[in-house]
Amino acid sequence: MTLINSQFLKVVKDEVGSKIEHRVNIFKTLNPDVSLIRLDSGDVVRPLPPCAVNALVKASKEMGNASTFKGRAPAQGYSFLIEAIAKHDFRSRKIKIDTDEIFINDGSKEDISGIGDILCRDNRVGVIDPVFQTYVESNVIGNRAGELGDSGQWSHVIYLKSGKETGFMPEFPVVRPDVIYLCYPNDPTGCVMTKPVLKSWVDYAIKNKILLLFDATYEAFITDPDIPHSIYEIKGARRVAIEFRSFSKSAGFTGLHCGYTVIPNDIEGYSFSAESSARLNTLWMRRQTIKSYAPSYIIQCAAASLYTEEGRREIRDNVNYYMENASVLRQALQRAGFNFWGGENSPYLWVESPTGSSWDLFDRLLNTCHILSSPGERFGPRGKGFVRLSAFANQSKVILAASRLSELDM
Ligand SMILES: *Cc1c(COP(=O)(O)O)cnc(C)c1O
């Protein structure tokens, strides 16, 4: 008899996903000729930057030549990419990150969900609600979440309150978590943390010996010079924070898969049984050699090309395109009189439903504007009452969506 990981059964059903699908199917049956504008997506639509395409072609040719062929990539990633990251993402911001602290991966989701491998099952995990569900669900699979209550919250997870009263900034929890996930610019609310606020979290983590898992996937969308791009811009963060980065959203790599994780050598973890502490960096390095391979040479060459002058310009163009979409959506929402957050320094807009029900607004956008949105419940129980709109869409469609949105009679 095969026993399964019974925790898994708790996340197998995607009830919100089924509810969305049901509504969309009805709409399509009733309106077979209407094409929906999809503003629900966390996936990009723009093609790869030319620098990445050129790098892919060049690297592929090298792979087909006996003298330049490469086999398996080094477990941590190729040093040419790690060097480029250390230089452009950190040293240029006066942040000291050593090359042995950077791990190249197949996209940040892999490591965000995999990091639990080196952490004790007994750690209490803290998340902001609403939240990117991978943080919660990977801990359900990893047996850290407890039971799912009627409220939609897990009994062992500590939910950091974050509502519109605080501009969706989290409040310090009453019960101390061992690990806290932070994501800024935030998915789904589009909110950003200023330096003083982020500093208060780093200080709190240092004081309470908490590990911060900082998801900086949307860092490239920051335009405001006062918003930190990396948690390591805050003094002391090297002792308590792991940072996840990705090329997915900024460079359109969702179909290529490449990102990286920073684990500073200063972070120590403790064990009840062992006498001494261990560096998380050392544990992670070993975990990588056991469980995964770094992405292929071809993909890493494409990622490295993003750090050339040309590559950085092409990424800026990409980001600007999406941020123009966000700005068009912001103006439309303002005109229609909605309360909303985000859309600045972030490709997401978090819109409050005037009736208090996410589904009311979801249905209205679907049936009146032919816009597909993400109901807040997709991001946890406290997402109720909001929908997320995404700027990852074709500009002409966004303009059409905006004109319909701005005419909505509230
Ligand atoms: C898209 C997304 C990721 C995943 O990025 P990949 O590098 O494509 O795995 C991680 N975190 C958040 C919040 C995201 O929205």
Side-chain angles (χ1 to χ4, degrees), residues 17 38-46 48 52 77 81 85 89 102-116 125 127-139 160 162 168 170 179-193 212-222 229-231 241-262 288 291-296 299-300 302-303 306 315 318-319 322-323 326 341-343 345-350 373-374 376 378-380 383 388-393:
R38 294 199 55 169
L39 300 183
D40 63 321
S41 180
D43 197 0
V44 295
V45 299
R46 297 255 289 166
L48 287 174
L81 177 55
I85 290 169
D89 287 347
I102 296 168
F103 298 87
I104 310 300
N105 63 32
D106 270 330
S108 61
K109 198 174 195 173
E110 289 281 329
D111 284 7
I112 289 167
S113 55
I115 196 74
V125 167
V127 298
I128 298 168
D129 186 10
V131 67
F132 184 57
Q133 286 296 298
T134 297
Y135 308 155
V136 176
E137 288 170 355
S138 61
N139 279 294
L160 312 185
S162 122
F168 293 97
V179 179
I180 295 178
Y181 292 81
L182 295 177
C183 173
Y184 292 97
N186 187 266
D187 179 12
T189 65
C191 294
V192 287
M193 261 193 186
L212 297 179
L213 300 176
F214 190 75
D215 184 347
T217 293
Y218 294 96
E219 155 285 322
F221 294 84
I222 296 172
H229 287 248
S230 165
I231 195 166
I242 290 176
E243 182 164 297
F244 303 97
R245 294 271 193 113
S246 171
F247 303 109
S248 282
K249 314 292 163 60
S250 56
F253 268 43
T254 48
L256 288 186
H257 284 171
C258 192
Y260 65 89
T261 298
V262 182
Q288 290 301 78
K291 261 203 167 173
S292 79
Y293 291 120
S296 68
I299 302 284
Q300 293 193 54
L306 304 171
I315 284 195
N318 234 5
V319 166
Y322 292 127
M323 291 313 291
W341 291 260
N345 303 299
S346 157
Y348 296 124
L349 299 99
W350 188 240
S373 62
S374 287
R378 251 186 78 184
F379 311 99
R388 188 192 74 177
L389 294 183
S390 160
F392 292 129

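Computed from a predicted model, the values in this text were never measured in an experiment. All heavy atoms count here, side chains included; hydrogens, waters and symmetry mates do not. In each ligand, atom 1 is the first atom listed, and ligand 1 is the first ligand listed.
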Subject >> Heavy-atom side-chain contact between I104 and C258 under 4.5 Å >> reply: yes
Output block, N or O contacts of ligand 1, threshold 3.5 Å exclusive:
unit_1, atom_1, unit_2, atom_2, d
ligand 1, 5 (O), S108, OG, 3.2
ligand 1, 7 (O), S108, N, 2.7
ligand 1, 7 (O), S108, OG, 3.3
ligand 1, 7 (O), S246, OG, 2.5
ligand 1, 7 (O), S248, OG, 3.2
ligand 1, 8 (O), S248, OG, 2.5
ligand 1, 9 (O), S108, N, 3.2
ligand 1, 9 (O), K109, N, 2.8
ligand 1, 11 (N), D215, OD2, 2.7
ligand 1, 11 (N), T217, OG1, 3.4
ligand 1, 15 (O), D187, OD2, 2.8
ligand 1, 15 (O), Y218, OH, 2.6
ligand 1, 15 (O), K249, NZ, 3.2

Original post:
Is S248 close to T254 at the side-chain level, that is, under 4.5 Å between some pair of heavy atoms?
Top reply: yes
Original post:
Given S374 and D40, is the side chain to side chain contact (heavy atoms under 4.5 Å, CB included) satisfied, shown in steps?
Top reply: CA-CA 5 Å; S374 287; D40 63 321; 3.7 Å; yes
Subject >> Pair Y181 and F132, ring centroids less than 6.0 Å apart >> reply: no
**OP:** Determine whether D43 and F392 make a side-chain contact, defined as any pair of heavy atoms from C-beta on separated by less than 4.5 Å.
**Re:** no
**OP:** Applying side chain to side chain contact (heavy atoms under 4.5 Å, CB included), run through Y322 and K249 and close with a yes or a no.
**Re:** CA-CA 10 Å; Y322 292 127; K249 314 292 163 60; over 6 Å; no
